[in-house]
Amino acid sequence: MPKDRFIYNDLIYSMAVNKMGIMNQASMRRRSRAMDTIDTMRAFMAVAQEGSFTAAGKRLGLSTKLVSKYVAQLESRLSTQLFNRTTRSVSLTDVGVAYLERCRPIVEQVDELDELVQERQSALAGPIRITAPTGFGSTNLTQALAPFMLAHPSVDIELKLSDSRVALVEEGFDLAVRVGVLRDSTLIAKKLADMPLIVCASPDYLTARGRPGDPMALATHNCLVDENPVNATAWRFRTGKRDFVVKVAGAFHANAPAAIANMAIAGLGIARCPHYVVAQNLEDRTLEQLFHEYETENFGLYALYPPNRHLTARVRALIDHLANHFGSVAKY
């Protein structure tokens with residue numbers, strides 16, 4: 001049996017007998033040994049995520065010296081080196097990578113067990129690390145997070161915004177919020193809402209270049225291409241029971257839909273954007289929607305998390321909150 005399984009069993013046993021009020025001296029020793037190991041695991045995980053002993057100490061509220069001591073104790077107990085250390089960098093060894101993958105769910109299950117034993121389910125507490133795309137994350141997502149944080153003041157949320165794909169496990173995120181068509185992935189996905197794509201252009205562009213009568217006419221127009229979707233230049237439409245694809249091209253490509261929308265507002269071409277990006281522009285008529293009689297491809301709004309991660313009560317509650325918040329909105 002792996003050493004970590006002994007540690008986890010020791011912890012469960014000691015917490016159980018403590019709850020029943022029969023914590024004897026032997027039980028106290030077992031609990032202390034298990035908790036010491038959990039502390040070293042926490043220090044190891046923080047150094048792996050931050051790439052620095054100093055940054056890990058700040059994250060944990062510990063001195064750099066104590067974090068280094070914890071990691072050294074863990075390496076000594078395991079009789080192996082978990083980090084490659086230089087004067088400028090700290091990186092995981094191959095064994096360290098494997099150990100990180102195994103110890104993270106153990107620490108998370110211990111946290112969850114603490115919450116259960118202390119009856120903290122009604123008062124959620126602790127950190128949640130989220131990654132999301134910049135445009136959606138800085139507007140619609142923060143609007144959804146605000147009431148959750150007001151309802152659960154002991155929950156701390158760290159939101160990292162990026163328009164590049166982020167490795168959830170390697171970078172220590174609990175949750176990713178994604179907009180679009182999901183690529184093949186080992187991550188577990190919960191769909192929060194449908195998000196229609198809107199094909200649109202500015203009145204100035206349509207006056208100068210003419211309004212395309214149907215999607216096939218896009219081939220003769222300057223189309224502004226959001227590079228985030230797979231096959232970004234293949235715009236899909238439906239009429240009746242017929243699906244078809246129009247290949248588009250244009251002089252401007254970007255990896256953020258807000259940039260595409262801004263160029264469309266400036267009169268530079270025809271854009272295809274998620275509804276949430278252009279909703280206000282459609283309302284104030286700085287952009288006009290095209291092809292009302294055709295259905296466009298729908299994006300989805302998703303919450304993703306690793307399959308081997310034990311979800312804490314606070315993360316589960318946040319996912320449910322986001323599903324209720326975005327699911328109640330008729331159109332994004």
Could you please spell out the steps behind the side chain to side chain contact (heavy atoms under 4.5 Å, CB included) verdict for L268 and F252? CA-CA 9 Å; L268 293 174; F252 184 76; over 6 Å; no
Would you indicate whether the side-chain heavy atoms of L141 and L322 approach each other to under 4.5 Å? yes
Where the side chain of T286 meets the backbone of I265, is there a donor-acceptor pair that is under 3.5 Å apart? no
Would V278 end up clustered with L301 when hydrophobic side chains under 4.5 Å apart are linked, directly or stepwise? yes
Verify the cluster assignment for Y276 and L145: are they in a single hydrophobic cluster under the rule of side-chain heavy atoms below 4.5 Å apart? yes
Hey, mind stepping through L318 and I130 against side chain to side chain contact (heavy atoms under 4.5 Å, CB included) and telling me if it holds? CA-CA 11 Å; L318 176 58; I130 309 171; 3.6 Å; yes
Is the shortest heavy-atom distance from the side chain of M45 to the side chain of E108 under 4.5 Å? no
is_close_aromatic(F326, F136), centroid dist under 6.0 Å: yes
For A249, all residues meeting side-chain contact (heavy atoms from CB on, under 4.5 Å), sequence neighbours excluded: none
Are the side chain of T142 and the backbone N or O of S138 linked by a donor-acceptor pair below 3.5 Å? yes
Please say yes or no: joined through hydrophobic side-chain contacts below 4.5 Å, possibly via intermediate residues, are L100 and I38 part of one cluster? yes
Just how far is it from atom CZ of R59 to atom CD of Q49, taken to the nearest 0.5 Å? 5.0 Å
Using a 4.5 Å cut-off on heavy atoms from C-beta on, say whether the side chain of L187 contacts that of Y302. no
From CG (L66) to CG (L60), nearest 0.5 Å: 9.0 Å
What residue among L78, T37, T40 forms side-chain contact (heavy atoms from CB on, under 4.5 Å) with Q73? T40
Output yes when D174 and R129 qualify as a salt bridge under the 4.0 Å nitrogen-oxygen rule, no when they do not. no
Is the backbone N or O of N228 less than 3.5 Å from a side-chain atom of N255, with the two atoms forming a donor-acceptor pair by type? no
Should E171 and K160 count as an ion pair when the cut-off is N to O under 4.0 Å? no
Would you say R209's side chain and G269's backbone share a donor-acceptor pair under 3.5 angstrom? no
Could you walk me through whether V248 and I270 pass the side chain to side chain contact (heavy atoms under 4.5 Å, CB included) test, one step at a time? CA-CA 10 Å; V248 302; I270 296 176; over 6 Å; no
Does K190, at its NZ atom, have more than 12 non-hydrogen atoms belonging to other residues, nucleotides or ligands within less than 6.0 Å? no
Can you name the salt bridge (charged side-chain N to carboxylate O under 4.0 Å, His left out) partners of R178, sequence neighbours left out? none
Let me confirm one number: the SG-CZ distance from C103 to R42, rounded to the nearest 0.5 Å. 10.5 Å
Which pair of non-hydrogen atoms, one from D214 and one from F291, has the smallest distance, and what is that distance? C-CE2, 3.3 Å
Applying the 4.5 Å side-chain criterion to the ILVMFWY set and letting contacts propagate, would L282 and V179 be lumped into a single cluster? yes
Expected output: side-chain N222 to main-chain A251 donor-acceptor under 3.5 Å: yes
Flag the pair L92 / F83 as yes when at least one side-chain heavy-atom distance between them is below 4.5 Å, and no otherwise. yes
Return the orientation label for the H321 and F148 ring planes: parallel under 30°, perpendicular over 60°, tilted otherwise. tilted
Ignoring hydrogens and angles, tell me if any N or O in the side chain of T239 forms a donor-acceptor pair with the backbone of R242 under 3.5 Å. no
Cut-off 3.5 Å, side chains only: do D204 and S202 have a donor facing an acceptor? no
Heavy-atom neighbours of D284 CG exceed 12 at 6.0 Å: yes
Do side-chain atoms of T296 reach the backbone of F237 as a donor and acceptor pair under 3.5 angstrom? no
Side chains of V199 and Y294: does their closest heavy-atom pair fall under 4.5 Å? no
Between R314 (side chain only) and A125 (backbone N and O only), is there a donor and an acceptor less than 3.5 Å apart? yes
Check: P203 and R285 side chains under 4.5 Å, non-hydrogen atoms: no
Inter-residue atom distance E288.CD - I198.CD1, 0.5 Å rounding: 13.5 Å
What distance do I319 atom CD1 and L175 atom CG have between them, rounded to the nearest 0.5 Å? 5.0 Å
Considering only NZ, NE, NH1 and NH2 on the basic side and carboxylate oxygens on the acidic side, decide whether E297 and R272 come within less than 4.0 Å. yes
Side chain to side chain contact (heavy atoms under 4.5 Å, CB included) assessment of E101 paired with V97: CA-CA 6 Å; E101 184 177 348; V97 171; 5.7 Å; no
How many angstroms lie between OH in Y99 and OG1 in T80, if you round to the nearest 0.5 Å? 11.0 Å
Does V166 reach the side chain of F173, with side-chain heavy atoms less than 4.5 Å apart? yes
What is the ring orientation for H221 with Y205, classed by angle as parallel under 30°, tilted 30 to 60°, or perpendicular over 60°? tilted
Using side-chain heavy atoms (C-beta onward) and a distance below 4.5 Å, is L197 in contact with P274? yes
